[in-house]
Structures are given as C-alpha cells and as structure tokens.
2 protein chains.
Amino acid sequence: MSSSRRITLKELAQHLGVSTASVSNAFNRPDQLSHDLRERILAEARRLGYRGPDAKARSLRTGRSQIVAVLLAESLTYSLNDAVASELLSGIAEVLDAHGHTLLLLSGRQANDRMPGSASIADGFIVYGLMPSPSLLDDLPSQHPQVAVDFDISGQASVHVDNEPAAHAIACHALRTPPHRAGIINLRLTEQACNGRIGPGQTLLSASRTITRARLDGFYRAFDEHGLDAAAVPMWNVEENTHEVCTPVIEGILDLPDEERPDLLLCMSDRIALTVLTLAERRGLRIPEDLRITGFDGIAEGQYRSPRLTTVRQDSVEKGRIAARMVLGLEPATPRLLTTELLIGETCP
Amino acid sequence: MSSSRRITLKELAQHLGVSTASVSNAFNRPDQLSHDLRERILAEARRLGYRGPDAKARSLRTGRSQIVAVLLAESLTYSLNDAVASELLSGIAEVLDAHGHTLLLLSGRQANDRMPGSASIADGFIVYGLMPSPSLLDDLPSQHPQVAVDFDISGQASVHVDNEPAAHAIACHALRTPPHRAGIINLRLTEQACNGRIGPGQTLLSASRTITRARLDGFYRAFDEHGLDAAAVPMWNVEENTHEVCTPVIEGILDLPDEERPDLLLCMSDRIALTVLTLAERRGLRIPEDLRITGFDGIAEGQYRSPRLTTVRQDSVEKGRIAARMVLGLEPATPRLLTTELLIGETCP
DNA sequence: GGTCGCCTCTGAATCGATTTAGTTAGGGGC
DNA sequence: GCCCCTAACTAAATCGATTCAGAGGCGACC
C-alpha cells in the first residue's frame, strides 16, 4: 500500500495508460481534458496515494514556488518575540494566505554571513530593516520583486511610517504640561554601541541608518517649538529592544537622586516604555504624578493593561499587508508612507 | 551586464570551457577539484553575476531543500501574536538557523481546506496543535519526518508538556490559602463553542482533543486533596486566547455582586490571567487582597510587569528546540515530556 | 618498464514535473 | 461526400542543477 518511495506523476500515468500531460492537466487545468478522464485520474491518484504534483519539480519547471520570503534584519529569535515584527509578519501572512502563498522566514543574522541557498526558491522578497551586512541583499535573485519595509533599497518599492511627525505629535502632547526634567531613551542611535547615558562626545547615526533618528528629530522640533533647549535634555541609549538589555539602563535612570531623576521620559519604543513603567512601579513611583512616560509603536501589550501606555500607534499589520500586496503585484510597487495615531493613555495624560 | 534572465550553471561552464560537474563541485565539494580551477570558476561566477546553484533545481535533484515547515493549527495571524506560539517558533528557528535550514510557515486554517501545494517542498514537518481537519495531515509527504508538538500523530515523534502535574502544583499553591469562592476560566474546553459560564449540561472535551483538559484534571485533583468539592467550583470558558474574546467573559465575572464574585480565579493561560488582572485593576479591585489570580504558560509579559503573575512556566522555547532537533535527526525521534516550573508572583503569593 | 593508484576532470543520466506543437477522431455545415 | 473546426489527448523538449562511472595523465613503487 504505502511504498517507501512516493509515486510520481509519470508512474501514475503509466498505471492509467494515459500521457503525463493529461495527468498534469487533471491537476492544473481541468478544462483541458474530459470530465470522465479527469475523474478516472483523480480516483486512481487517491487509490495509489499520489498527493499531487511535487512542489520541487513543479517550481523548477514553472519558475514559481508560491513562496514569499521575509528577510529580517534581526535574528529570528528576536523578531518572533518582538511585537512590532510579529504584527508585521501577521499582516504579511494574512495576505499571502489569502492568495495561496506561503511564508519563508530568513534572517540577516544567520550563523554565517551569507544568505542560505534556499533563499532563491522564493518568488519575491520582503526585506524588513537595515541588514547588518549590505552584501546580503546582493545574494537575492534580482529578477524577483523586492519590497523594503522601514528602510530603502535603491530602486525598489518600500513601505515606511511617518516617524518624524509622529514623534513630534507625541512630544507636543507631553510638553503641554511642562516637565521639570525631561529625558529621552533612544534605541540604537549611537555610532558606537552604547547601553547607558549618551555623552557629548558620541556621534549619532543618520536617519538612513536608523529609524529612531527620525523620531529624535521630531522630539527636538517639539522641544524647540515649546521654547525648551533640546540639547540640554539628557539622553540614554539601548542597543536592543528587550527587557533584558533595557533593565540595567533604566534602573540607572530611576535610581538617580530625586532632584536629578526625570519626571518625563520619552521612549523610542513601547517595549522600553513598558520596562520603565514596570521598574518605576516596583520602586513605588506614582505614574503619572512622579513620572510621565511615553512610548512608540502602539503594541497591544501597552494598551491592554492598566495604566494604559501613552504612545503613538503605527499600524504594523497594515504595513505588512501592503508590503505583501506589493510583492504579489496586487498593488503598484511604489514608495508608501503610512500615518500614525496618537494614543493617550494614563502614563502621560 | 545584468541581463534580465539569470545565468545558469551550464552557461557558466560553457563560458569557462569546463564541464558542469566541475562548476557544481566548485560550489559544493571543493575537495573534488584543484584549487586553481575552483578559484577560476568562482571568479568567473562573480564576474557574470552567478549567485550559486538555483535552489529550485538543486532541491529537485537532491531531494532536499533545507527547509523545515511548521504547520500551525491556528491561523498564522493568531499564532504570530500568541506569545506561546512565538516562543515555540523562536526555539525552532534557533536550531534550524544553526544548522543551515530555513523555516516555512504553514497554517491548518488556510483560506481553503487543503494544504498548499508548496508544503511538499519541505524536508520535514513540525506540527503544532490539533488540526481543525485531520485530513490535512494526510497531505503531508509521509516519507519526511514529522514531529508533533502538544498533541500526538500516531506513530510519530512528539514533544509534550506535563500539563496535569503542572496544573496540580499551581492549584495546590493557590489553595494553601483557602478561598471563599474559587472559579476556573477554561480555554476551549467545551464540546460546543461557548464564551461564558459553563452550565451543567455542557460536555467537556477529552484530553486527546484539548490540552486544557489535562490542566483541569490537575486542578480537580488539587481541590479533592484539599477537601473541596471541585464540582461546585464555577467554570467559565473562552474559545480563543485573545484579549478581545476574553474581555466580555471576564467582565461578566468581575461584575458579579461582591458575594458571588470569586476571590480566586485559576486561569488556563497567562493571556486570560493578564486580561483578568487588567480588568480587575481598572475596577479598582485590590490584587491579591480582593482577588487572587493564577495563569499558565509563564510568558514574558506576565513576568516583566508589576504585579508579577503567579503562574507555571512551560519552556516553549526549549520545546521548539527539541522538536527542531528531532526533525533534523539530531536527536532520537521519541516521545518527550517536559516538566514545568512554578512561578510565584504577586497576583497569588 | 609495467602496473597500480590517485588526482582531476568530463559525459551523460536523472530528479518530477509543465507545456508546446501536433495528431486523431468526430461532428456540423453545405 | 467533402471540408473545416473543435475537443481530447499525446510525444517530447525543457526547467537547472547533482552525481555516477569512467577517462586521461602523472608519479611511485616494485
């Protein structure tokens, strides 16, 4: 019954005494053969346990695999546990699913520095974030569509979020109530890796190297407009958007003597803001009386809790949907810029 | 320079005046040809923009694709936003990455009821959770390894968590302080879909149909051992492990008059427990004085917050690692049962 | 000097499908 | 009865690689 090797289309054709073309058509183009023959073929296929054309052979012959690869700048382990990346993937998966495609996950931080060979199996690529090594993109088969998310690949389609105005908006909201001492916690903003206070000597990355630079520009514009000296606002930096990495930096901030501790912290991500919130609560600080906190991203974790995080929401799911539609050719592959929405929670009313 | 079509291995061989075998060996088996020839081939490949053997053709010929598929019982959209599933994927990705494999995401809840044809491209399958339609598993190429996670496929390897003892342990912890009124919030436990109170008429699913049944058995054993009448404990049920679905059910519980509202809620998942926590806090209930809450899973969101959730941790990342190692043949493909760890937080000290 | 073995390299079969061009049979129109 | 058209089916080329069996050359050993 179940032989060790799977039966092939050719063998099935021989069993039936028909050509391989007819069997192929029975599965792919029902209008190309008579109803009776088709039924006969499908019945025999079921009987012999033939599960349909082999994907490897089919993809070689047709040149298409029905697979779209998502190439993530961060490691898969990190990305899968990051709410923003998960939402993006979720939006991508939704559209791919609806159009009979599947999702292959690739990371720019593999064990070795090269793209795995299996990458070239995909029909198209969605690239999320700036790769650690730009040469990785050279390995992608150039004749397949590529869509960049949250950064740019020259000459390719892209989906972006309007970071500067979003950051400006939330900072304006926060600065309506003048803080005694504001502070900013950045994410991967410095040229040299830095987990802690950003000193005057450190150079910052440009907006083409990190999206948080655009957010900082928005913050600065808001400070300026409120007559505050942005350059005097203390800044910290974290290299990774995780509890583990953020915790020591934030503890350093919260453990400052009362007269130095900020009473307003603008954070570059919800993950950072939530970590601030947790650690502040554990120290018995009153939120928002003793400390006001803002985030960025609008992840679910910040909203389905009490107090709710004040933040600005980017629709990462929609970002994924658009990228997926572009890569499938369902939508013109042009640069798209998404807007954001201010969410006023209880951490900074 | 860059023609529209990619150059093939055969064309590269012709350019160089060598056989295709040598070019193939240059990329795959460096010991099979002289150093000089190999360098000459690689140099010419670079010059002509040849990016290495095509994955489609290679996988057809070798029979292996270096791709492992993860088949998820839930939709991808749900799974990617579920912390437990994400941790599992994360563990899988970690091992696959380290061994040069990539990850293909498939869902048992596709648009149509059949497995996408591209599934047969994978070298092996990790199946997570009970499929909505069991026939989906028949579509999987049977000669490739399959590993079941959190359920069983007859005759296949599996990775399980020891649910009953885990649930027993946390219930025992909670019952050390006798509650006035305990309650249990279940997850997809009833035969008929039900979001709300479980009445006496409803039949429960067996442990082979849902993992939460084993957890309930553990709870019941603990009640028995503490001389409490488990059958008298009110139970609720939710059909999906999300804020949206849980919220109305939990509001119904918390809005009960004081003398009926439970002061101990045992929840089948951390997601449920965290939703209880949020809604209780918004109502001004004191945790744990007015209401003690326990979860199940040990997701990060429950621990990196204040108050910390009392729960029992299953190591989903490790579960993923083991499944991946089994599917790659790095570990014997035998049934594995993982133990859990009681985490005592502030929601039920 | 002959033989053996090793190192390089090549020719050709093969993986399992899809698809083009073409053949056959049958029916309708005149 | 003839011609043309369509429907149904087939033969064979092809997609782009891998790999087995074998050929040729060279040095070493007896």
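Quick note on labels: first sequence line is chain A, next is B, and so on, each numbered from 1.
As judged by a 4.0 angstrom heavy-atom cut-off over every strand, B:S34 is placed among residues touching the sugar-phosphate backbone only. Nucleic acid contact class of B:S59 (heavy atoms, under 4.0 Å, all strands): none. Across all strands, B:V23 comes closer than 4.0 Å to no nucleic acid atom at all (heavy-atom distances). Nucleic acid contact class of B:L60 (heavy atoms, under 4.0 Å, all strands): base. Within 4.0 Å (heavy atoms only), A:T62 reaches sugar-phosphate atoms of the nucleic acid but no base atom. As judged by a 4.0 angstrom heavy-atom cut-off over every strand, A:Y50 is placed among residues touching the sugar-phosphate backbone only.
Within a 6.0 Å sphere centred on CZ of B:R188, heavy atoms belonging to other residues, nucleotides or ligands number more than 12.
Under 4.0 angstrom from either OP1 or OP2 of D:dT19 there lies no side-chain N or O belonging to B:N25. In this model, the phosphate group of D:dG16 is not approached by any side-chain N or O of B:T8 to a distance below 4.0 Å at OP1 or OP2.
With C:dA17, D:dA17, C:dT19 as the choices, the nucleotide that has an atom nearest any side-chain atom of A:R29 turns out to be C:dT19. Comparing C:dT18, C:dC9, C:dA12 against the side chain of B:T20 picks out C:dA12 as the nearest. Comparing C:dT19, D:dC9, D:dT18 against the side chain of A:S24 picks out C:dT19 as the nearest.
Checked against A:E44 for a salt bridge (Lys or Arg N to Asp or Glu O under 4.0 Å), the options A:R46, A:R40, A:R47 give a single hit: A:R47.
One atom, CD1 of B:I41, and another, C1' of C:dT10, lie 12 Å apart when rounded to the nearest Å. What separates CG of B:L12 from C1' of D:dT18 is a distance of 15 Å, to the nearest Å. Straight-line distance from the CG atom of B:N28 to the C1' atom of D:dG16: 13 Å, rounded to whole Å. One can place CG of B:D123 at 18 Å from P of C:dC15, the figure rounded to the nearest angstrom. Between the CD atom of A:Q14 and the P atom of D:dA11 there is a distance of 11 Å, rounded to whole Å. Going from atom CD of A:E11 over to atom P of C:dG16 covers 8 Å, rounded to whole Å. Rounded to an integer number of Å, the gap from NZ of A:K10 to P of C:dC15 is 7 Å. In this entry the distance linking CG of A:L9 with P of C:dT18 reads 6 Å, nearest Å.
With salt bridges taken as basic N to acidic carboxylate O contacts below 4.0 Å, none links A:R336 and A:E318. Ion pair B:E87/B:R321 not flagged as a salt bridge, since none of the NZ, NE, NH1 or NH2 atoms sits closer than 4.0 Å to an Asp/Glu carboxylate oxygen.
The residue among A:R58 and B:S19 whose nearest nucleotide of DNA chain C lies closer to the 5′ end is B:S19. Between B:D31 and B:A57, the one whose closest nucleotide on DNA chain C sits nearer the 5' end is B:D31. In this structure, B:A21 and A:Q32 both approach DNA chain D, and ranking their closest nucleotides by distance from the 5' end singles out A:Q32.
Side chain B:R61 to base C:dT14: a donor-acceptor pair is found below 3.5 Å.
At least one side-chain heavy atom of B:V127 sits less than 4.5 Å from a side-chain heavy atom of B:L137.
Of all the heavy atoms in B:A55 and A:S118, the pair that sits closest is CB-CA, 3.9 Å.
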